[in-house]
Engineer: 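First, the structure itself, so that you have it in front of you.
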There are 2 protein chains.
Amino acid sequence: MSTLNDVARLAGVSTMTVSRVINDSGYISPETRARVNRAIAELGYMPNVLARQLRSKRTKTLALVVTDIANPFFTTIARGVEDAARARGYAVMFCNTDESEAEEIEYVRVLIQRRVDGVLLVPATDSSGSLQLLREHALPVVVLDRHVRSALVDEVLTDSETGAYLAVRHLIDLGHRSIAILTGPATVSTAVDRVAGYRRALAEAGLGAESEQILFGEFNEASGYEMTRRVLTAQPRPTAIFAGNNFIAFGAIQALRQAGVAIPDGISIVVFDDLPQGWVLDPFLTVVSQPAYEIGKQAAELMLERLTGDPPGEPRTIVLASELIVRRSTAPPRREVAATVPSLRAHMENPA
Amino acid sequence: MSTLNDVARLAGVSTMTVSRVINDSGYISPETRARVNRAIAELGYMPNVLARQLRSKRTKTLALVVTDIANPFFTTIARGVEDAARARGYAVMFCNTDESEAEEIEYVRVLIQRRVDGVLLVPATDSSGSLQLLREHALPVVVLDRHVRSALVDEVLTDSETGAYLAVRHLIDLGHRSIAILTGPATVSTAVDRVAGYRRALAEAGLGAESEQILFGEFNEASGYEMTRRVLTAQPRPTAIFAGNNFIAFGAIQALRQAGVAIPDGISIVVFDDLPQGWVLDPFLTVVSQPAYEIGKQAAELMLERLTGDPPGEPRTIVLASELIVRRSTAPPRREVAATVPSLRAHMENPA
DNA sequence: CTGTTAGCGCGTTCAG
DNA sequence: CTGAACGCGCTAACAG
């Protein structure tokens, strides 16, 4: 593998001249440039990024740490991050913590050792072990999607409280009075905030705490399934379910199907997070849609601003709005519960 | 950010001693080790991976280059690669070429510059521009999934020809006589081999070239949709479709639904590639399932053997078997014209 | 068991 | 416009 030195020797110049040609810095006479370029081509020379990074103390690499890489919400965020980063010449390392704080810290260690320039983090919990580690090593951080109480950092997230309020309000407007919320762990701000929005909507409608049905679980399908099973045996059985994220909704739908409860005839369901086009052929879920791509993009841009811009300044929090999209999984409650409706099954069998 | 030097000074030893403690190499007295470890903890020292890699000339990193990161077939391969690599202390860089040869070469350039230790490549086409580039820079390569004619390299792939043969034979056994195959570009070995298997099955059943309906397209949903639209207007209209991969099948299903053609009552469909559990609630597609995880795992292990083992040896080709899984998307044709063949019963009693 | 020397391949700094 | 010297942080190779 040839080096700067080989090129310099072949071209009859110093290594610095070659370096300048490659990085387009400083003035070079056209002839020398041509000669150097010829030597580069002849040798098939490729700069050693490691040496460059070691010397320049910048890797031009960001890391994005998410809690579930299989969730389209996070892959969409990832696309936003990558687009913004690549536009400025930065690479992105993707890391998946599976909602585990231990994994998160492990990854942060690796990222520090690899000397990434900055970390975009979706924290697994609201405790801040990894944030502290990052601060100790002076690594810039932007927190995404979830608020962290303890730390003063840049944050980009959506207004979960308002989103949840809109979703539940929609159900109330349809006439529902008994609504269950199935959400993630109480240690995660998005779960807590969505419950807050749920409560506000109920309270505003004059529905007291006695009509609350709040289940904290995990943001995954298994948990959604399990919580729904519990909801189905509750007395009184709710006429509507608010699923705290898309995977919880998957589990809920599966449980409802198994129990022969039709959507929306038997139970209405509204979901936080939309699914990207292509995941389902015929979107029928009523959802609160977050601007996932925009979250990723703005987070990356904020980071790059911190990295290249001179004024560090105060930590900034960017809150993006979410939007209620009404489709066919919500309807007014019915007295009698329909036994089976096959349309759901046809729908779920056809991914796209 | 503290360095080896800082640690050495604080512990009152040389940098080499610290290096040995960290890498667990050579003999160190327990006391010095303890002293060094204390210094490391006190400073929160984290080794600089860049410097280490530059010096040792090994990055302990593999790259996996695939043509479609959104395809579960490739993400499953990726899991196999990652598991095998991590078990031996290697990291993996994932790269997505979108079936573009230009992107592929671009990525290979980056990988050379980053000095990855080896490249696992799913080539976009059977031309070998990127393979040549890799060879020039003496980077070890293992080719996955697709055969490359021109090059002598290690390869790990499934037997597409036999898999396709089994799929089409299954359709023939069910009584189908008019079967269309929708597959990828003719520049990709998997597309070509699947056509070969399709032909062999037809020929063996005494069905001549006049009954062949072969469509080359792209391995994606849009192409599957478009090819199916064409198939639906063909004369005679086939009673069964063999989709060359899962995404082509998605497009086909969408087109069939739109045209009001039921599966399998109107048209049977068999697909190369299964979908992982969780993508669909109720698997109903008859598929040829490839051992995707195993492909990734074996490819990584072959690479690691080349990297650490001493004998380079001859290029090796590992061919894995695929398996027909009969579900509910295939059935005998309903036309009165098509008679049921006797071998059908034998087959149903003896599913492959 | 531990230290010394000598780079890995580049870019920064300063001097021509 | 170009070059010489130096060092980023670490480890291979050899001494002790």
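First the proteins, then the strands, lettered A, B, ... as listed; each starts at 1. Worth saying up front: this structure is predicted, and the values here are computed from it rather than measured.
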Engineer: Please report the shortest heavy-atom distance between B:T97 and B:T67, naming the atom on each side.
Structural biologist: OG1-CA, 3.3 Å
Engineer: Does atom CD (A:E136) have a neighbourhood of more than 12 heavy atoms from anything else shown, all under 6.0 Å?
Structural biologist: yes
Engineer: Under the salt bridge (Lys or Arg N to Asp or Glu O under 4.0 Å) test, which residues partner A:D126, sequence neighbours left out?
Structural biologist: A:R149
Engineer: Of all nucleotides in DNA chain D with an atom under 4.0 Å from a non-hydrogen atom of chain A, which is the first and which the last going 5' to 3'?
Structural biologist: D:dC1 to D:dG9
Engineer: Please tabulate, one pair per line, each protein N/O and nucleotide N/O from nucleotides 12-16 of chain C that are separated by under 3.5 Å, including the distance.
Structural biologist:
none

Engineer: Please name the pair of heavy atoms, one in A:L50 and one in B:Q53, separated by the smallest distance, quoted to 0.1 Å.
Structural biologist: CD2-OE1, 3.1 Å
Engineer: What heavy-atom pair brings B:V13 and B:T32 nearest, and what distance separates the two atoms?
Structural biologist: CG1-CG2, 4.0 Å
Engineer: Please report how far the helix from C:dC1-D:dG16 to C:dG16-D:dC1 bends, comparing the axis fitted to its first five pairs with the axis fitted to its last five, to the nearest 10 degrees.
Structural biologist: 30°
Engineer: Does B:I28 or A:T3 map to a spot on DNA chain C nearer the 5' end, using the closest nucleotide for each?
Structural biologist: B:I28
Engineer: To the nearest angstrom, how far is A:I22 atom CD1 from C:dG9 atom C1'?
Structural biologist: 11 Å
Engineer: If you compare all heavy atoms of B:V18 against all heavy atoms of B:V7, which two are closest, and at what distance to 0.1 Å?
Structural biologist: CG1-CG1, 3.8 Å
Engineer: On DNA chain D, check which nucleotide each of A:S29 and A:T15 is closest to and give me the residue with the more 5' one.
Structural biologist: A:S29
Engineer: Who are the salt bridge (Lys or Arg N to Asp or Glu O under 4.0 Å) partners of A:R109, not counting sequence neighbours?
Structural biologist: none
Engineer: Start with the C-alpha gap between B:V119 and B:L62, add the side-chain angles, then the distance that decides, and say whether side chain to side chain contact (heavy atoms under 4.5 Å, CB included) holds.
Structural biologist: CA-CA 6 Å; B:V119 177; B:L62 303 182; over 6 Å; no
Engineer: Is a side-chain donor or acceptor of A:D98 paired with a backbone partner of A:S100 at a separation under 3.5 angstrom?
Structural biologist: no
Engineer: So among A:R135, A:E101, A:E104, A:E106, which one has a side chain to side chain donor-acceptor pair (under 3.5 Å) with A:S130?
Structural biologist: A:E104
Engineer: Could you pull out the closest heavy-atom pair between B:T158 and B:P291, with the gap in Å?
Structural biologist: CG2-CD, 3.4 Å
Engineer: Verify the contact: side-chain N or O of B:S14 to OP1 or OP2 of C:dG3, cut-off strictly under 4.0 Å; return yes or no.
Structural biologist: yes
Engineer: Which of residues 44-54 of chain A sit near DNA chain C, with a heavy atom under 4.0 Å from it?
Structural biologist: A:Y45, A:P47, A:N48, A:A51, A:R52
Engineer: Could you tell me how far apart A:L4 (CG) and C:dC8 (P) are, to the nearest whole angstrom?
Structural biologist: 12 Å
Engineer: Is the phosphate of C:dT2, meaning OP1 or OP2, less than 4.0 Å from a side-chain N or O of B:T32?
Structural biologist: yes
Engineer: Ignoring hydrogens and angles, tell me if any N or O in the side chain of A:R146 forms a donor-acceptor pair with the backbone of A:P123 under 3.5 Å.
Structural biologist: yes
Engineer: Of all the heavy-atom pairs spanning A:T75 and A:I69, show the shortest one and how long it is.
Structural biologist: CG2-O, 3.0 Å
